[in-house]
A.B. asks: 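This structure is in structure tokens; I'll ask about it shortly.
First the proteins, then the strands, lettered A, B, ... as listed; each starts at 1.
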Amino acid sequence: MPGPGRTAPLVPAARRAALRRRLLAWYDGARRDFPWRFAEGQADPYRVWISEAMLQQTQVARVVPYYRLFLERFPTLEALAAADEEAVLEAWSGLGYYARARSLHGAARQALALHGRLPASLKGLAALPGFGPYTAGAVASIAFGLPAPAVDGNVARLLARLFAIDGPLEAASTRARLAATAAALLGPERPGDWTQALIELGATRCVKSAPRCERCPVAGLCEARRAGKQLIIPPARRRPGKLRLRLGVAVFRYGELLLLLRRPSSGLFGGLWAPPMAALPQGVLTAAKLRKRLGEVLSRELGVPVRVGRELASAERTLTHRALTLLAFEATTRTRPEGPGLRWATPLEVETLGTASAVRVLLERLPPVRSRPKA
DNA sequence: AATTCGGGGCA
DNA sequence: TGCCCAGAATT
């Protein structure tokens with residue numbers, strides 16, 4: 001009877017040793033330089049963390065400039081914790097998935113209050129906002145040298161092929177097998193380099209559609225390749241179709257000033273500044289009906305009667321799960337709205353405040369303000 | 001298990 | 001156009 005400890009190991013020791021040896025040796029020669037990359041044992045945990053947060057669902061090339069500016073503005077954990085959330089969103093503006101920025105800020109404050117630093121344990125990290133299984137493992141291993149598994153999209157694809165783990169990557173059963181495999185591959189040596197080597201191989205060799213097996217250091221150990229299945233493992237992911245969303249955007253102008261509201265922290269563009277907006281009904285409606293509907297919603301939201309005038313500009317943006325149409329309308333009220341979470345912004349402020357790209361594009365298309373006629 | 005959340009680059 | 005990208009949180 002194969003009891004606990006007698007069952008065959010998920011990864012035989014010899015295979016694990018060969019994989020680790022070859023992959024780490026390859027990484028030493030092939031690793032790319034990034035501003036957040038350090039020699040093993042010399043990492044700045046704060047910098048590693050910022051990079052991991054920015055890299056979530058975001059390509060490396062897009063992250064680099066944001067990373068540099070962010071570190072200039074918030075060079076340390078203390079600086080980040082001391083900043084306003086609004087300033088952090090400003091630095092994140094255009095990078096997307098803004099919940100990451102709010103979590104980052106909250107985690108900085110929480111870590112400082114609870115530990116006086118970033119906690120150097122998987123458990124401590126995983127308890128902070130914005131730290132899921134991947135990021136906790138990545139920071140634990142890369143920043144603190146702890147042997148922790150970190151399975152991102154690259155590593156999932158790589159391990160699925162190496163061990164011929166078929167099934168959709170998003171299925172819970174597949175993820176569990178991948179996680180167990182990643183854990184079985186851990187060893188005491190070079191934990192940070194190990195995590196980064198797996199990711200690097202997935203990102204530069206074991207890529208999605210055209211894997212470069214001829215340049216892969218572990219091609220000889222790859223079960224998918226041996227079976228000729230490297231193109232069908234993993235299977236293509238099916239995504240839910242994009243929903244169309246039409247947003248009416250109200251342009252209140254007072255001279256050069258433009259009315260902006262801070263959006264609620266949950267939902268689309270959470271925490272960012274934007275003009276008052278409201279979803280418009282889908283089908284084909286006359287411009288008059290759209291204006292009327294927008295006016296009703298905005299009046300309710302601002303608490304004063306709003307009159308909606310002519311259309312000023314439009315913009316289309318496609319997000320992962322949503323096709324956005326933004327329609328800007330001229331809008332006026334009899335009494336000028338004021339209050340917290342509301343501001344009249346100068347053109348310069350509109351450029352520098354934390355705003356979503358889609359909104360920014362729309363605002364750039366507004367016709368220029370003509371200087372008011374003299375009385 | 002399914003949805004939501006951004007944005008840009010590229011086959 | 002569809003798909004992907006160093007995912008996490010919510011429902």
A.B. asks: Looking at R102(A), does any N or O in its side chain come under 4.0 Å of the phosphate oxygens OP1/OP2 on dA9(C)?
C.D. replies: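 Checking dA9(C) against R102(A), no side-chain N or O comes under 4.0 Å of OP1 or OP2.
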A.B. asks: Classify the nucleic acid contact of G94(A) as base, sugar-phosphate or nothing, counting any heavy atom under 4.0 Å across all strands shown.
C.D. replies: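 Sugar-phosphate contact only.
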A.B. asks: If you measure from the Lys or Arg side-chain nitrogens to the Asp or Glu carboxylate oxygens, is any gap between E86(A) and R102(A) under 4.0 Å?
C.D. replies: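 R102(A) and E86(A): not salt-bridged.
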A.B. asks: Within the structure shown, what part of the strands sits under 4.0 Å from A172(A) by heavy-atom distance: base, sugar-phosphate, or nothing?
C.D. replies: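 Contact class for A172(A): sugar-phosphate only.
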A.B. asks: Is H321(A) close enough to dT4(B) that one of its side-chain N or O atoms is under 4.0 Å from OP1 or OP2 there?
C.D. replies: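 Looking at the OP1 and OP2 atoms of dT4(B), neither is under 4.0 Å from any side-chain N or O of H321(A).
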A.B. asks: With a non-hydrogen cut-off below 4.0 angstrom, is W36(A) in contact with a base, only sugar-phosphate, or nothing?
C.D. replies: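 Counting heavy atoms under 4.0 Å across all strands, the contact made by W36(A) includes a base.
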A.B. asks: Does T135(A) have a side-chain nitrogen or oxygen under 4.0 Å from the phosphate oxygens OP1 or OP2 of dA8(C)?
C.D. replies: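 Yes, T135(A) has a side-chain N/O under 4.0 Å of OP1/OP2 on dA8(C).
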A.B. asks: Once you apply a heavy-atom cut-off of 4.0 Å, does V155(A) come out as touching a base, just sugar-phosphate, or nothing?
C.D. replies: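 No contact.
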A.B. asks: Tell me the interatomic distance from R62(A), atom CZ, to dC4(C), atom P, rounded to whole angstroms.
C.D. replies: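 Nearest whole value for this atom pair: 18 Å.
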A.B. asks: Which of these, V251(A), L260(A), L326(A), sits in a side-chain contact (heavy atoms from CB on, under 4.5 Å) with P275(A)?
C.D. replies: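 Of all the options given, the one that passes is L260(A).
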A.B. asks: Take atom CG of L231(A) and atom P of dC3(C), then tell me their distance rounded to the nearest Å.
C.D. replies: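 These atoms are roughly 17 Å apart.
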A.B. asks: Checking side-chain hydrogen bond (donor to acceptor under 3.5 Å, both in side chains) for the pair E52(A)/Y134(A): CA distance, chi angles, key distance, verdict?
C.D. replies: CA-CA 9 Å; E52(A) 291 300 341; Y134(A) 164 73; 2.8 Å; yes
A.B. asks: Would you mind classifying the nucleic acid contact of A356(A) as base, sugar-phosphate or nothing, using non-hydrogen atoms under 4.0 angstrom?
C.D. replies: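 Answer is sugar-phosphate: A356(A) comes under 4.0 Å of backbone atoms only.
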A.B. asks: Looking only at N and O atoms, is any donor in the side chain of T318(A) or the base of dG7(B) less than 3.5 Å from an acceptor on the other one?
C.D. replies: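 Per atom types, no contact qualifies.
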A.B. asks: Base, sugar-phosphate or nothing for I199(A)? Non-hydrogen atoms, less than 4.0 Å.
C.D. replies: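 I199(A): base contact, heavy atoms under 4.0 Å.
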A.B. asks: For the side-chain contact (heavy atoms from CB on, under 4.5 Å) test, which of L185(A), L158(A), L178(A), L10(A) pairs with F163(A)?
C.D. replies: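 Only one option passes, and that is L185(A).
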A.B. asks: May I have the distance from F269(A) (atom CZ) to dG7(B) (atom C1'), rounded to whole angstrom?
C.D. replies: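 Spelled out: CZ on F269(A) to C1' on dG7(B) is 9 Å.
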A.B. asks: Taking only the side-chain nitrogens and oxygens of Q57(A), find out if one of them lies under 4.0 Å from OP1 or OP2 of dG7(C).
C.D. replies: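 Checking Q57(A) against dG7(C): at least one side-chain N or O falls below 4.0 Å of OP1 or OP2.
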A.B. asks: NA contact type, T320(A), heavy-atom cut-off 4.0 Å: base, sugar-phosphate, or nothing?
C.D. replies: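 T320(A): base contact, heavy atoms under 4.0 Å.
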A.B. asks: Round to a whole Å and report the spacing from OH of Y66(A) to P of dA6(C).
C.D. replies: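 From Y66(A) OH to dA6(C) P: 17 Å.
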A.B. asks: Determine: side-chain N/O of R100(A) to OP1/OP2 of dA8(C), distance under 4.0 Å, yes or no.
C.D. replies: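 No, outside the criterion.
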A.B. asks: Tell me whether the centres of the aromatic rings in Y66(A) and W92(A) are closer together than 6.0 Å.
C.D. replies: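 Centroid separation for Y66(A) and W92(A): 6.0 Å or greater.
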A.B. asks: If you find the nucleotide of DNA chain C closest to Q59(A) and the one closest to S103(A), which residue's nucleotide is nearer the 5' end?
C.D. replies: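 This one resolves to Q59(A).
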A.B. asks: Would you say a side-chain N or O of Y98(A) is under 4.0 Å from OP1 or OP2 of dG7(B)?
C.D. replies: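 It does, given that an N or O in the side chain of Y98(A) lies less than 4.0 Å from OP1 or OP2 of dG7(B).
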